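Not measured: the values here are computed from a predicted model.
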Amino acid sequence: MEIEMSDRLGLAVGRVVAAPLVGASFLTILPMPVPRALANGPMGWPVASFPLGGAAIGALIGAEGLLLMAWFPPAVVAGLMITTLLAVTGALHLDALMDSFDGLFGGKDPDGRLAIMRDSRVGSYGIAAAGSLLLLEYGALLSLSPVERLQALVVAGALSRGAMALTMASFPAASSRGLAAGLKPHLRSYHTVAAAILAVAVAGGLLRWAGLAMAAMAGTLVLLGGRLATAKIGGISGDICGGLGELVEAVTLLACVVAFS
């Protein structure tokens, strides 16, 4: 009995330790070295670790920018960084943004809006949203120095992925199927608190009061976006979580331009 309890405790501790890698497997297309026994478990702590995964993605893209500055002009570097970011994430969150805009602003009723969001085709709202967001992010990255860009990407990564976790935890699921509906039962209040603390700690630790202001801005976007989705489709979905994450990322990068100027 003691051995069995010890094994269960070891497995539980192992899952918490491996949570950032499991969470990163949801945020990127990169393979993560996580044993199946640790990966196939409750998803509360992996979701809570989303800000760490986002910060790591931002650090990776920022480091790429530092290296590429030796060979390319700033405009090309900014374009390559955005391309790499899309490649690493599989453009999943950008696709979620497009689906969210098409559904929330293109449908006539909740069922119709959800049907549009599930449709693989992209409409005019989605194209306009994605194009505008990429242009704004490109302009923001181009406006920052290499070191500023690295800091901005780490903060934007942490806050945007933290926003995804908070959106998922704070609002009801719009449907009984889908990623959000599947992950919500795993989340507890302490997972939500942990995600918020991690995101705020990264932002405040790197940019101090400006970072804390950006964290408050991210929280406001989550509140407004979640309420809009609840009014339009009865709750949130995986697309809403990913789309809000993209918006928070872009707004944070723009805020960093102001903070560093």
Minimal non-hydrogen separation, [X] against [Y], with atom names:
X: Thr252; Y: Ala156; answer: CG2-CA, 3.7 Å
X: Pro146; Y: Leu66; answer: CB-CD2, 3.3 Å
X: Phe50; Y: Leu27; answer: O-CD1, 3.7 Å
X: Leu150; Y: Ala63; answer: CD1-N, 3.9 Å
X: Ala48; Y: Pro51; answer: O-CD, 3.3 Å
X: Arg149; Y: Leu141; answer: CD-O, 3.2 Å

Reported [atom1]-to-[atom2] distance for the pair [X] and [Y], which is rounded to 0.5 angstrom:
X: Gln151; Y: Leu144; atom1: CD; atom2: CG; result: 9.5 Å
X: Ile116; Y: Ile233; atom1: CD1; atom2: CD1; result: 11.0 Å
X: Met217; Y: Leu212; atom1: CE; atom2: CG; result: 12.0 Å
X: Ser100; Y: Lys232; atom1: OG; atom2: NZ; result: 13.0 Å
X: Glu249; Y: Leu97; atom1: CD; atom2: CG; result: 10.5 Å
X: Ser124; Y: Met98; atom1: OG; atom2: CE; result: 12.5 Å

Quick one: does any side-chain atom of [X] pair with a main-chain N or O of [Y] as donor and acceptor, under 3.5 Å?
X: Ser132; Y: Ala129; value: no
X: Ser261; Y: Val258; value: yes
X: Asp102; Y: Gly123; value: yes

- Query: Who passes salt bridge (charged side-chain N to carboxylate O under 4.0 Å, His left out) against Asp111, sequence neighbours left out?
  - Reply: none
- How would you list all residue pairs meeting ring-ring contact (aromatic ring centres under 6.0 Å, His included) that involve residues 215-261, not counting sequence neighbours? none
- Look at the rings of Phe105 and Tyr125 and say which category their plane angle falls in: under 30° parallel, 30 to 60° tilted, over 60° perpendicular. tilted
With sequence neighbours excluded, what pairs up with [X] under the side chain to side chain contact (heavy atoms under 4.5 Å, CB included) test?
X: Leu92; result: none
X: Ala96; result: Asp239
X: Ala56; result: none

- Message: Filter on salt bridge (charged side-chain N to carboxylate O under 4.0 Å, His left out), then keep only pairs touching residues 213-225, sequence neighbours left out; what's left?
- Response: none
Going hydrophobic residue to hydrophobic residue with side-chain gaps under 4.5 angstrom, can you get from [X] over to [Y]?
X: Leu254; Y: Leu134; value: no
X: Phe101; Y: Leu221; value: no
X: Val251; Y: Ile82; value: no
X: Met168; Y: Val248; value: no
X: Met164; Y: Ile236; value: yes

Contacts of [X] that satisfy side-chain hydrogen bond (donor to acceptor under 3.5 Å, both in side chains) - sequence neighbours left out:
X: Glu64; result: Thr84
X: Glu148; result: Ser145
X: Thr220; result: none

- Asp99 vs Ile240, side-chain contact (heavy atoms from CB on, under 4.5 Å): CA-CA, chis, key distance, verdict: CA-CA 8 Å; Asp99 288 341; Ile240 297 297; over 6 Å; no
- Would Tyr190 and Trp45 count as a close aromatic pair, with their ring centres under 6.0 Å? yes
- Task: Take Leu94 and Thr89 through the side-chain contact (heavy atoms from CB on, under 4.5 Å) test and state the conclusion after the steps.
- Result: CA-CA 9 Å; Leu94 187 65; Thr89 60; over 6 Å; no
- Would you indicate whether Arg118, at its atom CZ, is surrounded by more than 12 heavy atoms from other residues, nucleotides or ligands within a distance under 6.0 Å? yes
- Item | Co-members of Leu135 in a cluster of I, L, V, M, F, W and Y side chains, linked at under 4.5 Å | none
- Task: Tell me who clusters with Val193, hydrophobic residues only, linked when side chains sit under 4.5 Å apart either directly or through other members.
- Result: Ile197
Throw together a table of side-chain donor-acceptor distances under 3.5 angstrom for residues 199-210, partners on residues two or more places apart or in other chains.
none

- Item | Side-chain heavy atoms of Met81 within contact of Val77, under 4.5 Å | yes
